[in-house]
Each structure stands twice: as structure tokens, then as C-alpha cells.
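Protein chains get the first letters and strands the later ones, always in sequence-line order, with residue 1 at the start of each.
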Number of protein chains: 2
Amino acid sequence: MVTLADVAARAGVSISAVSKVLSGDPSLRVTEPTRERIKAAARELNYRPNFAGRALKSARTQVLGIVVPDLTNALFTDLMDGVEDAAREAGYVVLLGRSDDPRPDAEVYQRLLGEGRVDGLIVQVVDGVAPDGLGALLENNPPVVLINSVAPGQVGSVLLDDVAGARVATEHLLDLGHRRLALVNGLPTSLTAERRRQGFREALADAGVPRRGLLETRLGYRPENGRAALEEILAAPRRPTGVVVANVNAAIGLLAAAREHGVRVPEDLSVVTVHDSWTAENTWPPLTAVSMRFYAMGRAAVDTLVARLDSGTVRDVVITDPPPQLTVRESTAPPSA
Amino acid sequence: MVTLADVAARAGVSISAVSKVLSGDPSLRVTEPTRERIKAAARELNYRPNFAGRALKSARTQVLGIVVPDLTNALFTDLMDGVEDAAREAGYVVLLGRSDDPRPDAEVYQRLLGEGRVDGLIVQVVDGVAPDGLGALLENNPPVVLINSVAPGQVGSVLLDDVAGARVATEHLLDLGHRRLALVNGLPTSLTAERRRQGFREALADAGVPRRGLLETRLGYRPENGRAALEEILAAPRRPTGVVVANVNAAIGLLAAAREHGVRVPEDLSVVTVHDSWTAENTWPPLTAVSMRFYAMGRAAVDTLVARLDSGTVRDVVITDPPPQLTVRESTAPPSA
DNA sequence: CTGAAAGCGCTAACAT
DNA sequence: ATGTTAGCGCTTTCAG
């Protein structure tokens, strides 16, 4: 390993001169030739500042952690891309952790925040945990930003415009002429599910469609939950003609189950999903979907966290721009007869 | 932040005594009551060893980096699970980087290895890079393990049993009675594609099926590559009755394109894919697939890297246990007439 | 049996 | 305009 001392020796100057020049210290009072000599020496020796030395001195690691419960979730890829891009631009690297343990003393949080491995943490809590269950995790006001969840006034949070997303999806079915709708939604404890329900209901209310009798399942966002939801739909007394699925993975499961039960999509049942992804265009039939901005959410989470670290500002942001956008494919059509 | 000094003060002992007790120093010569007092103090103060201090002193971070070119690739989730599990067991945390830049001075490598943020690196090179293109990256013999790629003698590598995987898939089609086969494969520069081709050819040879005239595409592992491959297949003079797709994402794209072109699966074309995943069971028809052990590969990569760090041992491992396993679903059938 | 002290690589306040 | 030095939190000899 090559250290500042090595560079200093080669350039024939002091260690601190090297440190100042290389880190662009504004109070630099070094002659141009000296500066050049130092830079040349660093280049020739291929000097790289040691992370631990810097972190120990400055009490900053320039690392952001992100903790998610489940890498399989389709949101993860886009989200992670956004996080990585924004982090790189802000001079941070990203450390990924996985945990479905929301307790504040969970191993991950201890290792990451407790041991000072990261400056801040982006946390996607496990879907089945109610927001207030987070209380303990947040009581010391740590540098944490929640995604898809909120804890008012404590830490920052970033949400997607779930209400608008569900509303757009629902309006699409209503526009096609559907009146008997179902919502295949996330777990009862999920905040996003609550918000998507709200959008669903608003759209119905605006269209003057009575809500009563409409089916809503709260089984979760995974493919097998979509499958189970289809069973519920088939068992319903008045079978819906159109269904809004709150997550693309669940929609894929639902579609597969529909096939197996001989339910034709879209002839017997129109399906629209909230959250678009490459998988949605490769199903049969290709899924009509509302794009949710997970990439933007990742970016916003980093921005919010960095602002928190730099200035202590706690922000709650909802990604409304660009708005959720409908892509009509082949899983939706007017109700037959 | 609570430091060793704080704990020492509270317990009324020296800093070094605390350090020894808390890190379980084997040369511990401390009376039982003292030890208890120290442990109690640490607990009460909620002491956590500072990462930077420890890393600076010991020149070890207990962090493993993993660099992949593309999070969308279906292999990523399972792989990452395996990496995380094995890393945790070995006392490491995982830092995720993304890069499609194979140059040795690529930003990522500098930041991770060069600055000492990680003790070692697991690298999945971008698919289009030939193994020998890695030369420069590896010339200083850094603590790196390659996955799905090799650089003989330099660094460790971990491969799946691609040959066996492709062989099993091909044999399945042969057993069903197919004789005109096609292989939808990865990029020409991809090592895994080369190995999967080998398995394909071995199976044909064993069955006494002449190889000439059989179609092989080398377009890549992404969904759109599978779509393009189907076009090639349709344009072939003697259209194959069965196709082995070397990657599940490509298979999903191929399936979607087949639908659009009115090609019935499996009646007109049987499709089997190398690499199983949850997406394969939710397509229509559900994909017959050969499971590849990405989870095991992730674990093996960590084990290999840790061995390298602990003892300098460089190993090349191929995951053969458990062997690739065929799951027959509905995308394959005997050729019609 | 326990403590004092050096030093890992870096930054920054202070000297020269 | 450049150099000296203290000290971040930790481990590890070496003295007592």
C-alpha cells in the first residue's frame, strides 16, 4: 500500500502538503511547481487515499447503506439503479444489506450504523410491518430514510405516488366500461397497499360507481399471492369483469392462475397492474401496466439522506414527477356483453 | 459514540484490558470479576467497536465486494442470496457495486480495492468480455474471485456446471423424439455460452444426431435477444421442432415472440431453458427448465474468496453438487407428426 | 494478572 | 509558502 508518506518522500515535501494538494484544500498555499511535483508523484506511485485512515479521522465513511427485505421484489432492480446512480454522483458508494427484521437491535442495523460502517441508511421495511412498529428503530433519530413507509417527524421518507398510480389503473378499466371491479392488493399492514386502495376508491367515487360489493384481497405482492387472489375472485358471488393488481409480480401470478383455470384474459377478465417492468411486456397476454418511478424513488432516497447528513434537514417526499403513466397492452379490453 | 476508553473508565480498568476481553483475546489473563465488570460496562453503555479504528489498525475491513454488470439478470437474486448468507457466516458484510467496465482502472475497482474499502472482490464480468480481456485487471494478483469466467492460475473462479445443464436440457428434447434442434445461446464472447454449447453438442453426439444444419444463435441472454432469436429460427430453411435456450430471460422473450408470431408452444415448437426461476413457472405455457445453482455459486464464491484471504489459496471450482435438475412443465412435448 | 504506549493513515490546527 | 504535530479508536507488544 502506498501512503501519503511515500508520496511526500518522492516529491520531497511534507505529508501535510501532499494531503492538502491532493484533497484540494481551499487554504492551499503552495507554489505551482510544488503542486505539480506532488501530483506527479502521486500518479507515478498510483496513490490511493486509504479509506480507514480517512474515515477514522473525519468520522465520515462516504458509504450509504440500503436495507431491503427481499431482492426478488421487482421494484428492487430499478430502485437500486437509482440509488447507485445518485450515490455515485454525491460521492458515496452503496452497501447493500438484507433484513426482514424490523427490530432496532437487528444485526444489520448494529453492523451498519452501530459500527460506523455507513453514514446513513435507506430502509425498506418488510411489507408486513406497520409503520408504527418502527418506533423503536427510530427513537435515537438516526440518519435513516424510509422508503414506502413513513414515521412522521422522525426521519425522512420517500413514497411513490401510489394513490395516483392506482387511480390511473382504475380509471382505465372504468373508461373501458367495466363496473364490477376488484382490487388485488398488498398485506393489510402495508402502507403502499393502503395508498393504492385509496386511489382505487377515489377513481370509483369520481365515476359514481358504488363501492359496495366490490372485492378487495389483501394477500400480498408476491406471485403466489396473485394466484391465491384469483381463487378468491372466482369464488366471488358476482364475479368482477376487471381487476386492478397492486403489484406486477402478483399480476404475473394471477395471470398464470387464470390460464390454469380457463379464465380468458382479457375476454373474461381484464387485468391491469400497478408497476410496470420488463416482465410485464413478456407475459401472455402482455400486461397493461401503470409505470411507477422506482428509479426516481431510489434517487430521491439518496438525495434526502444526503441532505439529512449535510444539513440535518428531514424531508418527506412523494415522487409525483414524472406522474404514473399507463401503458396499454393486451390484458385489458371492454367487458364482453 | 462510545469508545473503548468510555468502557474502560466505567469498569475502572485500562483500555487494553477492555479490548482484550471484548475481542476474546486467547492470551487473556484477567480475573473473572474483572471480566464481568468489563462486559457489564460494555453492555450498559451499548458499546460497539468502531469500524474505522479497527480497520485502520488491522488492515482488514471484513467487507467483501461484489461487482456485477446488470442487476436485471435473473441470476442476480439467487446469487446475491448465496453471497450474503455465506458472507454473514464468515463474519463479513457485503458491498455491492455495479460496473460494466472491465478495465482495471475502472472507478469501481479503484474505490473498492484501491482505497481498501473491501478485503476482496467477487466479480461477474460483463458478458461480452472475453476472459483474456481481463488480463490487466488481474496482473497484480489482487484478492479477486471471478464468477462465470476464468483467468487460469491468476485468481480463483467459480463456474456452474453449464455443460451438464445444457446437456440435460438437450437430452430432454431428444428423449421426446426431437431431432431438429436449435440452441439459443449467449454472446460469442461469453464463456458460459461456450460451455453450454459444449453440453448441447455432447448430448447430440451421444444420441448419434448429426450436428450439421442445426441452428445456433449467439445473440445474448436478455429478453430482446430471445425475441430476435425466434426471428432467426422462423427464417431457418428447416425449422427446428425444439429449442434449447441458454437463459431464462431470453426464453421468456422468445416465448412472447412466439405468441406474437402465432407459433404454438409446445405444439409447433418445444422450448426448454437452462436456468430455472420463479418467472419460468408463471409464463404461458410454464417453461420446462433446468435449475442452475446460483445460490450455491454465490456461497462458493465467498468461500473461495475467504480461503484466498486466509491462506492465499487460489481455487477454481465448478458447482456440480447438487447437479442441474430438470423440471418438466408445459413448454415441451413430442414433436407433432 | 494488568496497564502504558506505540502506531495504523489521515486531516487540520498550529508553527515556522 | 511549507512543515510539525496531535489525535481519531483500535490492537498489540512490552513493562510492571
Where does the angle between the aromatic ring planes of A:Phe76 and B:Phe76 fall among parallel (under 30°), tilted (30 to 60°) and perpendicular (over 60°)? parallel
Rounded to the Å, how far apart are B:Arg54 CZ and D:dT12 C1'? 14 Å
Between D:dT11, C:dC10, C:dC8, which one does the side chain of B:Leu56 approach most closely? C:dC8
Backbone N or O of A:Ile15 within a donor-acceptor pair of the A:Ser19 side chain at under 3.5 Å? no
Name of the residue among A:Thr77, A:Asp85, A:Asp81 meeting side chain to side chain donor-acceptor pair (under 3.5 Å) with A:Tyr295: A:Asp85
Between the side chain of A:Asp119 and the main-chain N/O of A:Leu64, is any donor-acceptor distance below 3.5 Å? no
Between protein and nucleotides 3-7 of chain D, what N or O pairs are separated by less than 3.5 Å?
| from | atom 1 | to | atom 2 | distance (Å) |
| --- | --- | --- | --- | --- |
| D:dG3 | OP2 | A:Ser14 | N | 2.6 |
| D:dG3 | OP2 | A:Ser14 | OG | 3.2 |
| D:dG3 | N7 | A:Ser16 | OG | 3.3 |
| D:dG3 | O6 | A:Lys20 | NZ | 2.9 |
| D:dT4 | O4 | A:Ser16 | OG | 3.1 |
| D:dG7 | N2 | A:Lys57 | NZ | 3.2 |

Go through the structure and list residues passing salt bridge (charged side-chain N to carboxylate O under 4.0 Å, His left out) with B:Arg299, not counting sequence neighbours. B:Glu89
Looking at B:Val94, is its backbone amide N or carbonyl O close enough to the side chain of B:Glu84 to form a donor-acceptor pair, meaning the two atoms are under 3.5 Å apart? no
In whole angstrom, give the distance that lies between atom CZ of A:Arg48 and atom C1' of C:dG9. 16 Å
Expressed in angstrom and rounded to an integer, what is the separation of B:Ile38 atom CD1 from C:dC1 atom C1'? 12 Å
Residue pair B:Gly53/B:Thr34 against DNA chain C: nearer the 5' end by closest nucleotide is B:Thr34
Please assess B:Arg35 against B:Glu32 for the test salt bridge (Lys or Arg N to Asp or Glu O under 4.0 Å), listing each intermediate value before the final yes or no. CA-CA 5 Å; B:Arg35 179 197 312 283; B:Glu32 201 51 39; 3.4 Å; yes
Distance in angstrom units between B:Arg37 CZ and C:dC1 P, rounded: 15 Å
Between the first and last five pairs of the helix from C:dC1-D:dG16 to C:dT16-D:dA1, the angle of the axes, rounded to 10 degrees: 50°
Report yes if at least one side-chain N or O of B:Ser19 is closer than 4.0 Å to OP1 or OP2 of D:dT11; otherwise report no. yes
B:Asp6 CG to D:dC10 C1', straight-line distance once rounded to whole Å: 13 Å
Please state how far atom CG in B:Leu4 lies from atom C1' in D:dC8, giving the value in whole angstrom units. 13 Å
Looking only at heavy atoms, which two atoms of B:Val13 and B:Thr34 are closest? And how far apart? CG1-CG2, 3.8 Å
Check whether any side-chain N or O of B:Arg48 sits under 3.5 Å from a backbone N or O of A:Gly116 as a donor-acceptor pair, and report yes or no. no
So B:Ser58, base contact, sugar-phosphate only, or nothing? Heavy-atom distance under 4.0 Å. nothing
Could you state the atom-to-atom distance from CE of A:Met1 to C1' of C:dG9 in whole Å? 8 Å
